[in-house]
Amino acid sequence: MVGLMCEKLGAASVELTDYHPSVLENVAINVELNQATHATVAQLDFIDVATNPESPWRNHTYDIVIASDLLYEMEHAKYLPVAVEALMTDTFYFMIPLRSTHVEEVTLFESRMVSLGLYLKATDDEEVQEEEGITLYRFYYYSRQ
């Protein structure tokens with residue numbers, strides 16, 4: 001619920017998105033419970049943003065784009081950078097768990113971001129103890145300059 005925290009800290013507006021309708025229902029409930037008056041909830045398919053020049057999202061840009069846990073398939077790694085580049089004005093923060101089964105996806109994502117002219121300003125890997133054991137997370141900060 002990073003978006004809700006951004007709203008509470010004074011962001012003029014926050015657009016909370018997901019692809020799955022059930023997740024969006026939960027997000028909408030959290031927006032209401034937290035009285036987030038500057039937050040809206042909308043469905044976003046980043047593959048559509050990346051591949052469809054007529055996507056209504058192509059008319060939107062955001063000062064800051066924050067995303068997490070979106071690399072499950074090579075298709076995601078290929079199109080997420082294109083969508084981010086289309087949506088961001090200047091700043092993109094991203095977090096993913098580093099899974100041994102998704103090394104190729106992470107590598108492709110990273111190379112696609114650079115190929116689109118986005119600059120990796122910082123990255124940090126952090127181990128977190130979870131119920132299933134230790135999970136390694138990678139945090140990214142990209143910008144246009």
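Because the structure is predicted, anything quoted here is derived from the model rather than measured. Reckoned from all heavy atoms, side chains included, excluding hydrogens, waters and symmetry mates.
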(message) Tell me whether the rings of Y137 and F139 are parallel (<30°), tilted (30 to 60°) or perpendicular (>60°).
(response)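 Rings of Y137 and F139: tilted, as their planes differ by 30° to 60°.
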
Would you confirm whether [X], through its side chain, and [Y], through its main-chain N or O, come within 3.5 Å as a donor-acceptor pair?
{"X": "R144", "Y": "M88", "value": "yes"}
{"X": "R112", "Y": "K78", "value": "yes"}
{"X": "N34", "Y": "A36", "value": "no"}

(message) Working to the nearest 0.5 angstrom, can you tell me the gap between E25 CD and N30 CG?
(response)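 Reported value, rounded in 0.5 Å steps: 12.5 Å.
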
(request) Drop me the distance from F46's CZ to L80's CG, to the nearest 0.5 angstrom. (result)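 Here the interatomic distance stands at 5.0 Å.
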
[X]: partners by side-chain contact (heavy atoms from CB on, under 4.5 Å), with sequence neighbours left out:
{"X": "A67", "result": "L70, F92, F94"}
{"X": "I64", "result": "I66, T91, Y93"}
{"X": "L98", "result": "I96, V106, D125, L136, R138"}

(request) Please test T37 against E7 for side-chain contact (heavy atoms from CB on, under 4.5 Å), starting from the C-alpha separation and ending with a verdict. (result) CA-CA 8 Å; T37 57; E7 197 267 354; 3.9 Å; yes

Can you tell me if [atom1] on [X] sees more than 12 non-hydrogen neighbours from other groups inside 6.0 Å?
{"X": "E132", "atom1": "CD", "result": "yes"}
{"X": "Y141", "atom1": "OH", "result": "yes"}
{"X": "M74", "atom1": "CE", "result": "yes"}
{"X": "K8", "atom1": "NZ", "result": "yes"}
{"X": "Q43", "atom1": "CD", "result": "yes"}
{"X": "Q35", "atom1": "CD", "result": "no"}

(message) I'd like to check T17 versus W57 (side-chain heavy atoms, cut-off strictly below 4.5 Å). Are they in contact?
(response) yes

(request) Let me see the working for H76 and F109 under ring-ring contact (aromatic ring centres under 6.0 Å, His included), right down to the final yes or no. (result) CA-CA 8 Å; H76 298 160; F109 164 79; over 10 Å; no

(request) Dump the intermediate steps for side-chain contact (heavy atoms from CB on, under 4.5 Å) on H102 and L71, then the final yes or no. (result) CA-CA 8 Å; H102 292 82; L71 296 181; 5.7 Å; no

